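Okay, structure first, notes after.
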Amino acid sequence: MLYSAPHGWYFIYHMIVLYIVLLSGILYLGIFFLRHPKVHHYRSISIFIIIGVLVALALNLIQFYIHDIPLDLTYVALIIGSFGLYEIIFNLDMVYNLKVSGRSEILSNMREIYILTDKDKIVIDISPLLVNKYHLNKEKYIGESFELLRDDLEEIIVLYTDYDVDEGEYIDKDHYHIREKKFVQKGFRHHGYMILLYDETQVYKLLQELNHLSYYDYMTGLHNRNYMETKLEQLKDIKNIGVLSLDLNGLKANNDYLGHERGDYLLKTLAKHMVSVLKEYPDHDVARIGGDEFLILLYDAKQMSLSYIKDSILRLCDHADIEKKISVSIGIAYQDNHQTIFELIKDADVDMYKMKQNLTKAYSEEIVKYAKKTGKYIR
């Protein structure tokens with residue numbers, strides 16, 4: 001036999017060295033996986049190699065001590081190991097299959113941003129587009145849970161499955177619509193997930209603009225009637241609300257005799273004065289609800305606060321120079337019983353019209369007289 005033949009010890013020493021090398025490799029892999037429990041990259045192949053080598057060593061030792069076994073156990077171990085490795089590589093290890101099949105090259109050229117995970121949501125690949133655009137450390141996330149990558153991404157971008165155009169604080173971030181698709185490669189028993197990120201930043205900004213237009217008045221920058229009607233439906237059962245109803249006096253006279261630019265000036269300046277006064281009251285809503293009509297809702301209000309706001313606005317609007325003067329009528333109503341919000345608005349309107357009856361005619365006549373006297377009369 002070879003073991004007893006001349007120089008047979010040569011083979012024995014060679015086999016011992018080979019066993020030491022194999023066992024060292026197994027020891028290294030074992031320590032590596034113990035230190036990196038979350039690493040799944042080629043894990044199945046590596047574990048099988050460890051087991052296969054140990055089995056092969058065991059069969060060789062049996063063959064070494066029992067010489068009359070009719071089968072070559074080393075050959076048997078090779079056949080079993082090759083078949084097992086084939087099963088592992090082509091039926092279980094998706095990472096390896098992606099690499100050797102050329103699919104990873106196809107994926108890297110995709111226009112969509114993608115993230116690949118295994119069935120346990122462990123990241124196995126990340127789109128180069130995503131890595132390069134946001135300067136990600138790819139190695140930090142490979143083999144880790146997708147949640148880690150998602151948490152880090154949400155620090156710099158917005159990920160969502162449904163639009164929420166009210167998230168104004170995120171308007172400066174890129175927005176991605178995220179979709180998750182389960183996939184199974186042909187011949188595989190296990191599945192994975194392809195997570196696609198569609199860049200819809202421009203769509204989001206367009207929706208923001210449309211949302212702004214639907215709820216804001218272009219002229220004054222205040223909320224509009226559409227917003228206020230939506231708001232009122234939500235306030236049916238709210239208590240301690242104060243209402244201020246405002247209406248410009250003589251807007252038609254200003255438009256007719258001094259031009260529409262004059263009317264625009266009155267609307268914008270009144271809006272600016274209201275915003276200035278209401279800075280002291282953060283819990284409020286203010287809107288332009290008609291051509292020259294405005295509405296202020298003050299939450300958790302007090303009667304004296306409403307009177308103070310009214311007096312402050314009137315003081316800012318009053319001016320000795322008629323071109324800078326803004327004539328406005330203001331009515332107030334305070335919820336002291338069980339009035340609904342609509343009853344409060346009606347009461348504030350009644351109060352406002354009492355003031356308007358005494359101011360509109362005199363102010364309009366003053367505007368007409370001024371326009372004719374200064375030659376700015378355009379009719």
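We use all heavy atoms of the structure for the numbers below, so side chains are in, but hydrogens, waters and symmetry mates are not. Just so it is clear, the model here is predicted, and its values are computed rather than measured.
No path of Ile, Leu, Val, Met, Phe, Trp and Tyr side chains, each step under 4.5 Å between heavy atoms, connects Leu266 with Met352, placing them in separate hydrophobic clusters. When the side chains of ILVMFWY residues are joined at heavy-atom separations under 4.5 Å, either directly or via intervening members, Val350 and Leu297 end up in two distinct hydrophobic clusters. In this structure, Leu244 is not a member of the same hydrophobic cluster as Tyr353, with clusters built from ILVMFWY side-chain heavy atoms closer than 4.5 Å.
One finds the CD atom of Glu293 at 7.5 Å from the CG atom of Asp349 (value rounded to the nearest 0.5 Å). Atom-to-atom distance recorded for Thr117:OG1 and Ile124:CD1 is 7.0 Å, nearest 0.5 angstrom. Between Leu196 atom CG and Ser127 atom OG the span is 9.5 Å, to the nearest 0.5 Å. Taking OH of Tyr134 as the reference point, atom CD1 of Ile126 lies at 14.0 Å (rounded to 0.5 Å). The distance from the NZ atom of Lys361 to the CD atom of Glu366 is 14.5 Å, given to the nearest 0.5 Å. Rounding to the nearest 0.5 Å places CD1 of Ile122 at 11.5 Å from CZ of Phe146.
Partner of Lys121 under the side-chain hydrogen bond (donor to acceptor under 3.5 Å, both in side chains) criterion, chosen from Glu144, Glu180, Glu147: Glu180. Residue Leu222 is tested with Val275, Asp285, Leu267 for a side chain to side chain contact (heavy atoms under 4.5 Å, CB included); the sole match is Val275.
Two residues are said to be in side-chain contact when any heavy atoms from C-beta on lie closer than 4.5 Å; His223 and Asp217 fail this criterion. Proximity of Asp199 to Ile113: side-chain heavy atoms (C-beta onward) are nowhere separated by under 4.5 Å. Considering only heavy atoms from C-beta on, Leu153 comes within 4.5 Å of Leu149 through its side chain. The shortest distance between side-chain heavy atoms of Ile313 and Met274 falls below 4.5 Å. Within the 4.5 Å cutoff, no side-chain heavy atoms of Leu248 are placed close to those of Ser327. The side-chain heavy atoms of Ile326 and His273, taken from C-beta on, include a pair separated by under 4.5 Å. Side-chain contact between Tyr160 and Ile178: absent, with no pair of heavy atoms (C-beta onward) separated by less than 4.5 Å. The closest side-chain heavy-atom distance from Val277 to Leu316 is below 4.5 Å.
Heavy-atom neighbours of Lys133 NZ from other residues, nucleotides or ligands within 6.0 Å: above the threshold of 12. Open room surrounds CD on Glu261; 12 or fewer heavy atoms of other groups in view lie less than 6.0 Å from it. Within a 6.0 Å sphere centred on OH of Tyr265, other residues, nucleotides and ligands contribute more than 12 heavy atoms.
Scanning all heavy atoms of the two residues, the minimum distance from Leu306 to Val243 falls at CD2-N, 4.1 Å. Residue Ala348 comes nearest to Ala333 through the heavy atom pair N-CB, 3.7 Å, listed as atom of the first residue, atom of the second, then distance. Of all heavy-atom pairs spanning Thr220 and Ala271, the tightest one is CB-CB, 3.7 Å. Minimum heavy-atom separation, Val123 to Tyr141: CB-O, 3.4 Å. Shortest non-hydrogen contact noted between Leu359 and Val328 is CD1-O, 4.2 Å. Shown here for Lys173 and Glu155, the closest heavy-atom pair between the two residues is NZ-O, 3.4 Å.
Remark: the backbone N or O of Asp318 is not paired with any side-chain donor or acceptor of Arg315 at under 3.5 angstrom. A donor-acceptor distance shorter than 3.5 angstrom exists from the side chain of Gln335 to the backbone of Asn240, with no hydrogens or angles considered. Although no hydrogens or angles enter the test, the distance criterion places no donor-acceptor pair under 3.5 Å between the side chain of Lys119 and the main chain of Tyr193. The backbone N or O of Glu323 lies less than 3.5 Å from a partner atom in the side chain of Arg262, making a donor-acceptor pair. In this structure, the side chain of Asp174 does not engage the main chain of Ile157 through any donor-acceptor pair within 3.5 Å. The backbone N or O of His175 lies less than 3.5 Å from a partner atom in the side chain of Thr201, making a donor-acceptor pair. Looking at His319, its side chain never comes within 3.5 Å of a backbone N or O of Cys317 through a donor-acceptor pair. Looking only at distances, a side-chain donor or acceptor of Asp351 sits under 3.5 Å from a matching main-chain atom of Ile332.
Under 3.5 Å, the side chains of Asn224 and Tyr218 contain no donor-acceptor pair of N or O atoms. Residues Asn249 and Thr360 have side chains that bring a donor and an acceptor to within less than 3.5 angstrom of each other. Defined by atom type and a distance below 3.5 Å, a donor-acceptor pair is missing between the side-chain atoms of Asp247 and Ser329.
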request  = Would you please test Tyr215 and Asn226 for side chain to side chain contact (heavy atoms under 4.5 Å, CB included) and show each step?
outcome  = CA-CA 6 Å; Tyr215 282 119; Asn226 185 38; 4.0 Å; yes

task = Take Asp125 and Ile115 through the test side chain to side chain contact (heavy atoms under 4.5 Å, CB included) and record every step on the way to the result.
result = CA-CA 6 Å; Asp125 196 18; Ile115 300 166; over 6 Å; no

request  = For the pair Asp292 and Lys252, evaluate side chain to side chain contact (heavy atoms under 4.5 Å, CB included) and give the outcome as yes or no after the intermediate values.
outcome  = CA-CA 10 Å; Asp292 56 359; Lys252 187 176 186 305; over 6 Å; no

task = Evaluate the criterion side chain to side chain contact (heavy atoms under 4.5 Å, CB included) for residue pair Tyr308 and Tyr281; output intermediate values, then yes/no.
result = CA-CA 11 Å; Tyr308 176 79; Tyr281 304 90; 3.2 Å; yes

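A salt bridge between Arg150 and Glu154 is present, with a side-chain N of the basic residue lying under 4.0 Å from a carboxylate O of the acidic one. Ion pairing of Glu229 with Arg225 is present here, as a side-chain N (NZ or NE/NH1/NH2) and a carboxylate O approach within less than 4.0 Å. Asp152 and Lys140 are joined by a salt bridge, as a carboxylate oxygen and a charged side-chain nitrogen come within less than 4.0 angstrom of each other.
Outside the 6.0 Å centre-distance limit, the rings of His284 and Tyr299 are not counted as a close aromatic pair.
Remark: Lys302 fails to qualify as a cation-pi partner of Tyr334 under the 6.0 Å distance and 45° angle criteria applied to the six-membered ring.
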